[in-house]
Engineer: 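Here you go, one structure.
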Amino acid sequence: MNNSKKVVLVGHFGVGKSSLVRRFVQNTFSDNYIVTIGVHILKKEIRINELDLTLIIWDIEGKDDIKKVRPSYLLGTSGFIYVIDPTRTQTYEHFNDELDFLKTNYSKAKVISVSNKSDLINLDEFQESLKQKQISIDYFASAKTGNEVEELFHTIGMKMI
Ligand code: GDP
């Protein structure tokens, strides 16, 4: 049985996709902003309910519009992690449309949404503003502190098996 699954992180430039992957795979964080060009692929094995699952994690370059992402990067994806930055509204102003696009075009894939950089915001206030915009976010994580990072990758793993 092939227990490896492709997971792709999507979202705008600078929302912290690479940082989340780095925190999850290497348990480190850096304040330096190193732009991902093209795609960076990492592997990590996790254990879910007695099952070993290899996550093939695609950290692709950020785009302000999901339709601009090369379809070849998205092909064969089992799980999407859509990342937003709570300190920059433009990273989630089209959130619902972007999610609909993924769900329509990659209907077999699981999708979870993550608001990163939780260390920089007042969580209650931000959650209230999302509610008003009718945006539903699954995880409020921080690659910097490590908060919720392990959980979000395990959740996408669980959904994919
Ligand atoms: P990407 O373009 O989406 O891959 O974003 P990066 O991972 O390169 O992060 C962009 C910038 O945000 C970098 O300067 C990171 O140090 C910073 N950053 C990423 N995650 C966090 C976080 O959880 N908290 C804070 N305070 N900064 C973060």
Side-chain angles (χ1 to χ4, degrees), residues 1-25 35-46 48-49 51 53-118 121 123 126-143 148-161:
M1 203 165 105
N2 180 3
N3 279 327
S4 74
K5 301 278 185 194
K6 175 177 172 181
V7 175
V8 180
L9 285 94
V10 285
H12 290 210
F13 284 110
V15 295
K17 297 180 295 300
S18 302
S19 300
L20 287 167
V21 174
R22 207 174 303 137
R23 168 61 74 194
F24 178 58
V25 175
V35 178
T36 306
I37 299 183
V39 55
H40 187 200
I41 302 172
L42 293 99
K43 228 160 81 161
K44 179 155 168 162
E45 206 165 282
I46 58 174
I48 295 171
N49 303 335
L51 194 82
L53 176 67
T54 304
L55 300 181
I56 314 291
I57 305 170
W58 287 50
D59 174 21
I60 62 177
E61 64 185 45
K63 293 283 183 212
D64 56 8
D65 179 350
I66 190 81
K67 294 183 204 73
K68 290 184 192 159
V69 176
R70 282 190 200 185
S72 62
Y73 287 169
L74 306 180
L75 211 72
T77 302
S78 298
F80 287 104
I81 300 175
Y82 193 96
V83 186
I84 67 163
D85 179 343
T87 69
R88 286 186 298 137
T89 322
Q90 69 268 31
T91 69
Y92 55 92
E93 61 187 350
H94 302 299
F95 175 84
N96 288 332
D97 292 339
E98 299 258 294
L99 238 61
D100 282 348
F101 176 84
L102 286 177
K103 286 177 179 166
T104 305
N105 291 281
Y106 303 89
S107 55
K108 290 202 193 105
K110 306 294 176 193
V111 184
I112 65 167
S113 54
V114 177
S115 173
N116 187 36
K117 308 194 186 181
S118 291
I121 53 152
L123 199 55
F126 183 58
Q127 283 175 327
E128 185 52 40
S129 80
L130 289 178
K131 211 164 132 190
Q132 283 168 14
K133 294 184 172 78
Q134 298 184 312
I135 291 175
S136 169
I137 297 286
D138 300 312
Y139 281 94
F140 295 87
S142 167
E148 302 265 88
V149 175
E150 197 79 18
E151 289 84 346
L152 76 90
F153 280 97
H154 275 263
T155 296
I156 195 73
M158 209 133 70
K159 282 176 181 271
M160 293 185 304
I161 56 175

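By convention here, the first residue in the shown sequence is residue 1. Both backbone and side-chain heavy atoms feed into the values below; hydrogens, waters and symmetry mates do not. All figures in this text were calculated on a predicted structure; none of them were measured in a lab.
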Engineer: Using atom types as modelled and distance alone, determine if a side-chain donor or acceptor of Lys5 lies under 3.5 Å from a backbone N or O of Gly79.
Structural biologist: no

Engineer: Counting only N and O atoms by type, is there a donor-acceptor contact under 3.5 Å from the side chain of Lys17 to the main-chain atoms of His12?
Structural biologist: yes

Engineer: Are any non-hydrogen side-chain atoms of Phe95 and Lys133 less than 4.5 angstrom apart?
Structural biologist: no

Engineer: Check Tyr92 against Asp85 and note the closest heavy-atom contact, atom names and distance.
Structural biologist: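 Distance-wise, the nearest heavy atoms are CE2-O, 3.6 Å.
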
Engineer: Taking the side chain from Asn96 and the backbone from Gln134, do they hold a donor-acceptor pair closer than 3.5 Å?
Structural biologist: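 Yes, the answer is positive, given that a donor and an acceptor are paired below the 3.5 Å cut-off.
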
Engineer: Let me confirm one number: the CG-CD1 distance from Asn105 to Ile66, rounded to the nearest 0.5 Å.
Structural biologist: 9.5 Å

Engineer: So which atom in Leu20 and which in Ala141 form the shortest heavy-atom distance, rounded to 0.1 Å?
Structural biologist: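 Minimum heavy-atom separation between Leu20 and Ala141: CD2-CB, 4.4 Å.
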
Engineer: State whether Lys43 and Glu45 are salt-bridged, where the test is any N-O pair (Lys NZ or Arg NE/NH1/NH2 against Asp/Glu carboxylate O) under 4.0 Å.
Structural biologist: no

Engineer: Checking Glu148 now: which residues fulfil salt bridge (Lys or Arg N to Asp or Glu O under 4.0 Å) with it, not counting sequence neighbours?
Structural biologist: none

Engineer: So do the side chains of Gln90 and Asp64 get within less than 4.5 Å of each other, counting heavy atoms only?
Structural biologist: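 No. Closest side-chain heavy atoms not under 4.5 Å.
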
Engineer: Quick one: does any side-chain atom of Asp138 pair with a main-chain N or O of Ser113 as donor and acceptor, under 3.5 Å?
Structural biologist: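 Yes, Asp138 side chain to Ser113 backbone: donor-acceptor pair under 3.5 Å.
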
Engineer: Would you call Val39 and Arg70 a side-chain contact if the rule is heavy atoms closer than 4.5 Å?
Structural biologist: no

Engineer: Is there a side-chain contact between Gln127 and Lys131 (heavy atoms, below 4.5 Å)?
Structural biologist: no

Engineer: State whether the side chain of Asn116 and the backbone N or O of Ala143 hold a donor-acceptor pair below 3.5 Å, judged by distance alone.
Structural biologist: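 The answer is yes, because a donor-acceptor pair under 3.5 Å joins these two groups.
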
Engineer: When you look at NE2 of His94, are more than 12 heavy atoms from neighbouring residues, nucleotides or ligands closer to it than 6.0 Å?
Structural biologist: no

Engineer: Would you give the length of the straight line joining atom NE2 of His40 to atom CG of Leu9, rounded to the nearest 0.5 angstrom?
Structural biologist: 12.5 Å

Engineer: Suppose we screen for ring-ring contact (aromatic ring centres under 6.0 Å, His included). Which residues come up paired with Tyr106, at least two apart in sequence or across chains?
Structural biologist: Phe80

Engineer: What heavy-atom pair brings Asp59 and Ser18 nearest, and what distance separates the two atoms?
Structural biologist: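 Residues Asp59 and Ser18, closest heavy atoms: OD2-OG, 2.6 Å.
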
Engineer: Just verifying a value: how many Å separate His154 NE2 and Leu53 CG, rounded to the nearest 0.5 Å?
Structural biologist: 9.5 Å

Engineer: Can you find a pair of side-chain heavy atoms, one from Ile81 and one from Tyr139, that are under 4.5 Å apart?
Structural biologist: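 SC-SC contact between Ile81 and Tyr139 ruled out.
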
Engineer: About how many Å separate CD1 of Ile37 and CD of Glu61, when rounded to the nearest 0.5 Å?
Structural biologist: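 With rounding to 0.5 Å, CD (Glu61) is 7.0 Å from CD1 (Ile37).
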
Engineer: Drop me the distance from Ile137's CD1 to Ile84's CD1, to the nearest 0.5 angstrom.
Structural biologist: 4.0 Å

Engineer: Please give me the minimum heavy-atom distance between Lys44 and Val25, naming the atom from each residue.
Structural biologist: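 What the structure gives for the nearest pair is CD-CA, 4.0 Å.
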
Engineer: Please determine whether side-chain contact (heavy atoms from CB on, under 4.5 Å) holds for the pair Asp65 and Glu98, giving the CA-CA distance in whole Å, both sets of side-chain angles, and the decisive distance to 0.1 Å.
Structural biologist: CA-CA 8 Å; Asp65 179 350; Glu98 299 258 294; 3.6 Å; yes

Engineer: Just to verify, what does Phe140 make a ring-ring contact (aromatic ring centres under 6.0 Å, His included) with, not counting sequence neighbours?
Structural biologist: none

Engineer: Mind checking whether Phe24 and Phe153 have parallel, tilted or perpendicular rings, split at 30° and 60°?
Structural biologist: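 Rings of Phe24 and Phe153: parallel, under 30°.
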
Engineer: Which residue, Val7, Val10, Ile41, Val21, forms the side chain to side chain contact (heavy atoms under 4.5 Å, CB included) with Trp58?
Structural biologist: Ile41

Engineer: Does Thr77 reach the main-chain N or O of Lys6 with its side chain, forming a donor-acceptor pair under 3.5 Å?
Structural biologist: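 Side chain of Thr77 to backbone of Lys6, a donor-acceptor pair under 3.5 Å: no, none is there.
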
Engineer: Distance check, rounded to the nearest 0.5 Å: Ile156 atom CD1 versus Ile161 atom CD1?
Structural biologist: 11.5 Å

Engineer: Looking at Lys110 and Lys159, what are the two nearest heavy atoms and their distance?
Structural biologist: CE-O, 3.2 Å

Engineer: Test side-chain contact (heavy atoms from CB on, under 4.5 Å) on Ile60 and Leu74 and set out the steps.
Structural biologist: CA-CA 9 Å; Ile60 62 177; Leu74 306 180; 4.2 Å; yes

